[in-house]
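The basis for the numbers below is simple: all heavy atoms, side chains too, and nothing from hydrogens, waters or symmetry mates. Treat the numbers as computed from the prediction; the structure is a model and nothing was measured. So you know, we letter chains A, B, ... as the sequences are listed, proteins then strands, and number each from 1.
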There are 2 protein chains.
Amino acid sequence: MKCINLSSEEKLKEAAKSVFLKKGFAGTTARDIADAAGMNIALTNYYFRSKEKLFVEIFRDLFSLYCTNTVKILEKPIGLKEKIIEVIEEDYRMMKEEPNLVLFIMTEIHRDCENLLPELSKYSEMLKGMFVEQIAEEVRLGRMRDIEVEHLMPIIIGSLQFVFVGKNMYMKVHGMSEEQFDDYARTHKDHVINMVVNYLFQDVDTMREIRVKEETVL
Amino acid sequence: MKCINLSSEEKLKEAAKSVFLKKGFAGTTARDIADAAGMNIALTNYYFRSKEKLFVEIFRDLFSLYCTNTVKILEKPIGLKEKIIEVIEEDYRMMKEEPNLVLFIMTEIHRDCENLLPELSKYSEMLKGMFVEQIAEEVRLGRMRDIEVEHLMPIIIGSLQFVFVGKNMYMKVHGMSEEQFDDYARTHKDHVINMVVNYLFQDVDTMREIRVKEETVL
DNA sequence: TAAGATTTTAAACGTTTGTTTAAAATTTGC
DNA sequence: GCAAATTTTAAACAAACGTTTAAAATCTTA
């Protein structure tokens, strides 16, 4: 009976993940992966049959890393404002842990959308189910700006993720170290939370406050 | 005296630009470029000496396309709110014209930051000069939220550019055609303008309005 | 410990890569 | 209109690519 030594196979996969994240599929050679793992060049094909099959397997894992936690938060039975703040905080945590992830995902989907399409279903789930209903309910009650979910998600995650997509650019332009970028990103995250919550909720609240004040006066 | 036929050299460069924008440096072969131009494979090296030298020349052009118009707007002698709206509108116009540009810029700087560093100086200019002074003045007068310019620019351009970075992903996830994405992006642009202006100015205005109302009452 | 199964290795496979060459085709300048 | 300069071509280059092979090394099982 087959008894795979997972240690070698997984060591190779971890090394490949690291290289793919940094250089992308097109920029990575089979020898880059072997070198990073400190293993023989033939082992990639021995364990994973081809560079592309290894890549697809890793992409699946990384796309899950990109989505899963956010989807879980969207499904939590909590208030919408609280939920959106949690999503942004989780996004920040994820990108701090793996800063290359967002650009990697975007680049590879851009390169080979058709082949990687099946992996996108999880992202679709994000926008369905109780989250959409929750938005509709909040909008109906006038507690939230009327906005379609297709616009809401990029509003929530876009501005912060963009900072990590352009991480190398910002670091060069502003002469930042890794630590300085961490500080920068954390501060930016707080700006984004304020801005998004302000746009989606506060304006409504403030308008209500004004209305209340006016009614009190009259 | 040397008399270059610009028609062939420029035809090659335009073809290369198109291929590089779509596939990136690592994903583009010399034969891809020759095929796209309908020219002989040797001509790339005849006119540009190497694939990399051709790429750097094209990157310079495209980075300029990415920055120049925005910098011009930032230097205009107009109000800050008006200016920020103009920047977002110009960003949208640019990305509608060349949807692959932002992801291209981000990917290539990520790949080879050191070599492409000299090209980044223009982006730095963006953040200097009268724009910074204008922000400081507006903040001092209490007409604008207190925010550092390093955070302001990603706040302004990040959310909208992110939508174009993830264009292929959104199109697949939401099953959009090119025309539908155009509509989607235009609507999103308007959301971004509202959100950003709201965050930077409206809150201050509204608070002032409230204060004025209170004073009127008392 | 011996036989069989599995893992690892060095070497080579046929392609494709970016680039070069040298001759052919074309254009330029007198 | 001819010699010189320039542009374009087909062919080939060495190097690097993903992959395969077959033998060596290691581990498993009895």
**Prompt:** Mind checking whether F164(B) and F181(B) have ring centres under 6.0 Å apart?
**Reply:** yes
- Message: Suppose we call two aromatic rings close when their centres sit under 6.0 Å apart. Are F20(A) and F55(A) close by that rule?
- Response: yes
Whether the E148(B) and Y184(A) side chains hold a donor-acceptor pair (N or O, under 3.5 Å, no angle test) is what I'd like checked. no
Ranking dT8(C), dG18(C), dT8(D) by distance to the side chain of L43(B), first place goes to dT8(D)
From CD of E52(B) across to P of dG18(C) the rounded distance in Å is 12 Å
F48(B) CZ to dT7(D) P, in whole Å, measures 12 Å
Rounded to whole Å, the NZ-P distance (K51(A) to dT16(C)) equals 14 Å
Between CZ of F55(A) and P of dG18(D) the distance, given in whole Å, is 13 Å
_Please tell me if N45(B) has a side-chain N or O lying less than 4.0 Å from either OP1 or OP2 of dG18(C)._
no
Picking from dT19(C), dT20(C), dT19(D), the nucleotide nearest the side-chain atoms of A42(B) would be dT20(C)
Any side-chain N or O of Y46(B) less than 4.0 Å from the OP1 or OP2 oxygen of dT7(D)? yes
Side-chain atoms of R31(B) come closest, of dG18(C), dT19(D), dA10(D), to dG18(C)
Margin query: Taking only side-chain N and O atoms of T44(A), does any of them lie within less than 4.0 angstrom of OP1 or OP2 on dT19(D)?
Written below: no
Whole-Å distance, M39(A) CE to dT6(C) P, equals 17 Å
R49(A) CZ to dT7(C) P, in whole Å, measures 16 Å
Y47(B) has its side chain closest, among dT7(D), dT17(C), dA12(C), to dT7(D)
Separation of dT19(D) atom P from D32(A) atom CG, nearest Å, is 14 Å
For S64(B) and R60(B), indicate whether the former's side chain and the latter's backbone hold a donor-acceptor pair under 3.5 Å.
no
Winner on side-chain proximity to S50(A), out of dA11(D), dT19(D), dT8(C), is dT19(D)
Among the nucleotides dG18(C), dT19(D), dT8(D), whichever has the atom closest to the side chain of A30(B) is dG18(C)
Which atom pairs, one a donor and one an acceptor, fall under 3.5 Å between side chains of residues 31-39 of chain A and the rest of the protein, sequence neighbours left out?
unit_1 : atom_1 : unit_2 : atom_2 : d
D32(A) : OD1    : T29(A) : OG1    : 3.4
D32(A) : OD2    : T29(A) : N      : 3.1
D32(A) : OD2    : T29(A) : OG1    : 3.3

Separation of dT21(D) atom C1' from N40(A) atom CG, nearest Å, is 12 Å
